[in-house]
**Student:** 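Sharing a structure, written as structure tokens. Questions coming.
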Protein chains: 2
Amino acid sequence: MFTLAEENYLKTIFHLEHDSMCEVTTNAIAESIETKPSSVTDMVQKLAEKKMLTYKRYKGVQLTEEGKKVAAGVVRKHRLWEVFLVEKLHFHWDEVHEIAEQLEHIQSEELITRLDQFLGSPDFDPHGDPIPDKHGVLKRTEKKLLSEIEKNEQGVCVGVKESSPEFLQYLDKKKISIGTKISVLGKEFFDGSMIIQVGTEQFFISIKIAENLYVQTS
Amino acid sequence: MFTLAEENYLKTIFHLEHDSMCEVTTNAIAESIETKPSSVTDMVQKLAEKKMLTYKRYKGVQLTEEGKKVAAGVVRKHRLWEVFLVEKLHFHWDEVHEIAEQLEHIQSEELITRLDQFLGSPDFDPHGDPIPDKHGVLKRTEKKLLSEIEKNEQGVCVGVKESSPEFLQYLDKKKISIGTKISVLGKEFFDGSMIIQVGTEQFFISIKIAENLYVQTS
DNA sequence: AATTATTTTTAGGTTTAACTAAAAATATAA
DNA sequence: TTATATTTTTAGTTAAACCTAAAAATAATT
């Protein structure tokens with residue numbers, strides 16, 4: 001069994017490994033978790049002793065297979081709870097992160113099995129992120145950033161890269177959510193800005209928006 | 001905001017006050033919470049400073065109005081989650097306590113408001129215990145112990161006093177749950193044992209059973 | 001290659017909530 | 001009432017997870 005702090009470290013390192021695709025540094029963890037590098041060193045040494053990750057002084061860390069499994073379990077719980085909050089309790093997708101951050105630490109295999117069933121074994125959370133299965137395996141999707149889509153092509157929104165309330169609220173105002181069809185009508189070479197169509201509305205978006213929206217083209 | 005430990009102390013003292021109807025002793029708290037009396041003294045002093053209870057050395061404690069409100073809030077969360085686990089996830093009523101013990105500490109007003117709505121604002125948890133409203137007010141019911149029922153009277157099961165898995169499983173085997181009608185066909189003066197009827201079945205129960213089952217007669 | 005800057009670790013301290021052991025207060029019994 | 005027993009508190013430790021400040025290792029510049 002793991003403490004709340006240990007679970008948070010494992011989860012954070014799991015995400016950082018996915019993002020950076022290489023060893024995760026002490027500073028990166030510290031920033032992510034909003035703590036000091038010295039605290040990270042402490043915890044990382046503890047997790048190394050528990051064989052959850054490999055650690056060489058000054059060289060960063062890497063999750064072991066076991067560590068990945070534990071971390072994926074926490075992510076699975078987080079995302080299943082997010083689905084519950086949005087689908088069943090009708091929370092807005094920008095309100096659920098904090099609460100799921102707490103719920104992800106509830107310990108009960110059976111609870112998660114039943115929650116998963118209750119929700120119809122969803123594959124994705126309300127932000128479009130994949131939910132690991134009970135063995136920690138992630139379904140990989142071939143999603144692209146909207147910024148990679150060419151003029152006159154179109155895609156379906158499947159997720160966001162950034163998930164700050166501000167961004168999610170912007171998307172909401174523009175009536176963009178998971179499943180929304182987006183057509184690229186025009187693209188400015190100079191700054192990457194676009195004219196897109198969502199439903200019957202056409203409007204301008206900056207590169208910053210386009211680089212934080214995932215779409216599936218198929 | 002309160003720590004997990006603080007919430008557990010407040011909740012425990014709240015329950016003990018209801019049971020004993022007088023000041024709650026250090027030892028009673030220690031036993032309930034499975035900790036040492038010295039640890040209780042520490043925490044109780046801390047909670048007294050926070051004005052959650054009044055404390056005089058060697059004299060026990062009493063919750064303040066504020067303390068009662070906080071404690072009732074934790075109990076409300078616990079019991080709402082129990083309803084969720086039984087009604088929505090189809091857990092058995094003897095499996096939910098431990099999980100609710102964790103869920104009761106999730107911090108989010110909005111979550112509980114919505115959970116309550118989602119469950120149809122239930123008044124009682126799966127064990128028949130009343131759920132405090134959002135202001136901490138408990139609906140009082142005039143329930144009696146089955147052992148107080150006379151021969152040839154009957155009542156409807158509304159709750160249990162003890163809620164150990166063993167007891168709940170016994171009740172289950174005998175097909176007794178919340179709402180079950182129980183008729184007292186015979187009562188032995190010597191040891192308090194009874195012959196009761198549940199559905200079409202008639203059987204013998206000891207005083208130990210009868211003293212742990214609440215029924216409503218009306 | 002030597003210096004400077006950055007990153008990471010070590011060493012030592014703080015807080016929370018537990019613990020043990022001993023002292024003090026209260027309650028019970030002779 | 002004195003002696004004994006029980007309950008409660010105090011004093012001093014421990015462990016987890018954080019912190020600061022200083023030292024050590026690594027990386028970047030000149």
Side-chain angles (χ1 to χ4, degrees), chain A residues 1-14 16-17 19-20 22-63 67 70-71 74 101-102 104-107, chain B residues 1-14 16-17 19-20 22-63 67 70-71 74 101-102 104-107:
Chain A
M1 219 75 315
F2 295 88
T3 66
L4 194 142
E6 288 170 340
E7 285 195 347
N8 277 334
Y9 273 88
L10 290 173
K11 180 191 65 174
T12 299
I13 295 165
F14 183 79
L16 290 172
E17 273 187 1
D19 293 355
S20 65
C22 67
E23 285 84 27
V24 177
T25 68
T26 301
N27 263 7
I29 299 168
E31 194 170 328
S32 242
I33 239 167
E34 295 190 304
T35 185
K36 302 290 160 174
S38 54
S39 305
V40 174
T41 302
D42 281 354
M43 181 57 93
V44 143
Q45 288 174 345
K46 191 170 139 199
L47 290 171
E49 269 178 28
K50 290 196 174 188
K51 305 255 187 287
M52 288 301 112
L53 46 80
T54 57
Y55 163 69
K56 283 197 211 86
R57 272 160 55 267
Y58 297 100
K59 292 295 178 194
V61 301
Q62 216 171 342
L63 292 178
V70 173
V74 178
E101 207 73 13
Q102 299 177 60
E104 74 190 6
H105 301 293
I106 303 294
Q107 309 280 176
Chain B
M1 218 75 315
F2 296 88
T3 65
L4 194 143
E6 287 169 341
E7 285 194 348
N8 276 335
Y9 273 89
L10 291 173
K11 181 191 65 174
T12 300
I13 295 165
F14 183 80
L16 290 172
E17 273 187 2
D19 292 356
S20 67
C22 68
E23 284 85 26
V24 177
T25 68
T26 301
N27 264 7
I29 300 169
E31 193 170 330
S32 243
I33 238 165
E34 294 191 302
T35 186
K36 303 289 160 173
S38 55
S39 306
V40 173
T41 302
D42 281 353
M43 181 57 92
V44 142
Q45 289 174 345
K46 191 170 140 202
L47 290 170
E49 269 178 27
K50 290 196 175 188
K51 305 257 188 286
M52 288 301 112
L53 45 80
T54 58
Y55 163 69
K56 285 198 210 84
R57 270 155 61 262
Y58 298 99
K59 293 295 177 197
V61 300
Q62 215 171 342
L63 291 179
V70 174
V74 177
E101 206 73 13
Q102 300 177 59
E104 75 190 5
H105 300 293
I106 302 294
Q107 310 279 178

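Letters go in sequence order (proteins before strands), and every chain restarts at 1.
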**Student:** Round to the nearest Å and state the distance from B:Arg57 atom CZ to D:dT8 atom P.
**Tutor:**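 After rounding, the reported distance stands at 14 Å.
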
**Student:** Does C:dT9 have OP1 or OP2 under 4.0 Å away from a side-chain N or O of A:Thr41?
**Tutor:**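 True: A:Thr41 side-chain N/O within range (under 4.0 Å) of C:dT9 OP1/OP2.
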
**Student:** Just to confirm, is there a sub-4.0 Å distance from OP1 or OP2 of C:dT9 to any side-chain nitrogen or oxygen of A:Thr26?
**Tutor:**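 Indeed, a polar side-chain atom of A:Thr26 lies that close.
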
**Student:** Below 4.0 angstrom from OP1 or OP2 of D:dT8, is there any side-chain N or O of B:Asn27?
**Tutor:**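 The answer is yes; a side-chain N or O of B:Asn27 sits under 4.0 Å from OP1 or OP2.
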
**Student:** Using whole Å, report how far NZ of A:Lys50 lies from C1' of D:dA16.
**Tutor:**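 Atom-to-atom, A:Lys50 to D:dA16, this comes out as 11 Å.
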
**Student:** Rounded to whole Å, please give me the gap between CD in B:Glu31 and C1' in D:dT6.
**Tutor:**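 Nearest whole value for this atom pair: 14 Å.
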
**Student:** In whole Å, I'd like the distance from the NZ atom of A:Lys36 to the P atom of D:dC19.
**Tutor:**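 The distance from NZ of A:Lys36 to P of D:dC19 comes to 6 Å, rounded to the nearest Å.
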
**Student:** If you compare all heavy atoms of B:Phe14 against all heavy atoms of B:Ala71, which two are closest, and at what distance to 0.1 Å?
**Tutor:**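 In this case the closest contact between B:Phe14 and B:Ala71 is CB-CB, 3.5 Å.
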
**Student:** Nearest heavy-atom pair of B:Ala5 and B:Met43: which atoms, and what distance?
**Tutor:**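 Nearest heavy atoms, B:Ala5 then B:Met43: CB-CE, 3.6 Å.
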
**Student:** In whole angstrom, what separates B:Asp42's CG from D:dA11's C1'?
**Tutor:**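 To the nearest whole Å, that distance equals 10 Å.
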
**Student:** Can you check whether B:Thr35 has a side-chain N or O nearer than 4.0 Å to OP1 or OP2 of C:dC19?
**Tutor:**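 The answer is yes; a side-chain N or O of B:Thr35 sits under 4.0 Å from OP1 or OP2.
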
**Student:** Expressed in angstrom and rounded to an integer, what is the separation of A:Met43 atom CE from D:dC19 atom C1'?
**Tutor:**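 Distance, rounded to whole Å: 14 Å.
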
**Student:** Look at B:Gln45 and D:dT10 and indicate whether a side-chain polar atom (N or O) is within less than 4.0 Å of OP1 or OP2.
**Tutor:**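 True: B:Gln45 side-chain N/O within range (under 4.0 Å) of D:dT10 OP1/OP2.
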
**Student:** Do the side-chain N or O atoms of B:Ser38 get closer than 4.0 angstrom to the phosphate oxygens (OP1, OP2) of C:dC19?
**Tutor:**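 It does not, given that no N or O in the side chain of B:Ser38 lies less than 4.0 Å from OP1 or OP2 of C:dC19.
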
**Student:** Within residues 1-9 of chain A, find the residues that approach DNA chain D with a heavy atom at under 4.0 Å, and present them sorted by residue number.
**Tutor:**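 Hits under 4.0 Å, by residue number: A:Thr3, A:Ala5, A:Tyr9.
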
**Student:** Ignoring backbone atoms, establish whether A:Tyr58 has a side-chain N or O less than 4.0 Å from OP1 or OP2 of D:dA27.
**Tutor:**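 Result: no.
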
**Student:** Indicate yes or no: at least one non-hydrogen side-chain atom of A:Arg57 is less than 4.5 angstrom from one of A:Thr41.
**Tutor:**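 No. Closest side-chain heavy atoms not under 4.5 Å.
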
**Student:** Can you see which heavy atom on A:Thr12 is nearest to which on A:Ser32, and at what distance?
**Tutor:**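 In terms of heavy atoms, the two residues are closest at CG2-CB, 3.4 Å.
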
**Student:** Which atoms form the tightest heavy-atom contact between B:Val70 and B:Phe2, and what is the distance?
**Tutor:**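 Closest heavy-atom pair between B:Val70 and B:Phe2: CG2-CE1, 3.8 Å.
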
**Student:** Quick one: B:Glu23 CD to D:dT7 P, roughly how many Å, whole number?
**Tutor:**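 It is 17 Å, rounded to the nearest whole Å.
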
**Student:** Could you tell me the separation between the NZ atom of A:Lys56 and the C1' atom of C:dT9, rounded to a whole number of Å?
**Tutor:**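 Interatomic distance, NZ of A:Lys56 to C1' of C:dT9: 17 Å.
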
**Student:** Just so I know, are the side chains of A:Gln107 and A:Glu7 near enough to count as touching, which here means a heavy-atom distance under 4.5 Å?
**Tutor:**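 In contact.
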
**Student:** Taking all non-hydrogen atoms of both residues into account, name the closest pair between B:Val44 and B:Leu53 and its distance.
**Tutor:**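 Here B:Val44 and B:Leu53 meet closest at O-CD1, 3.5 Å.
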
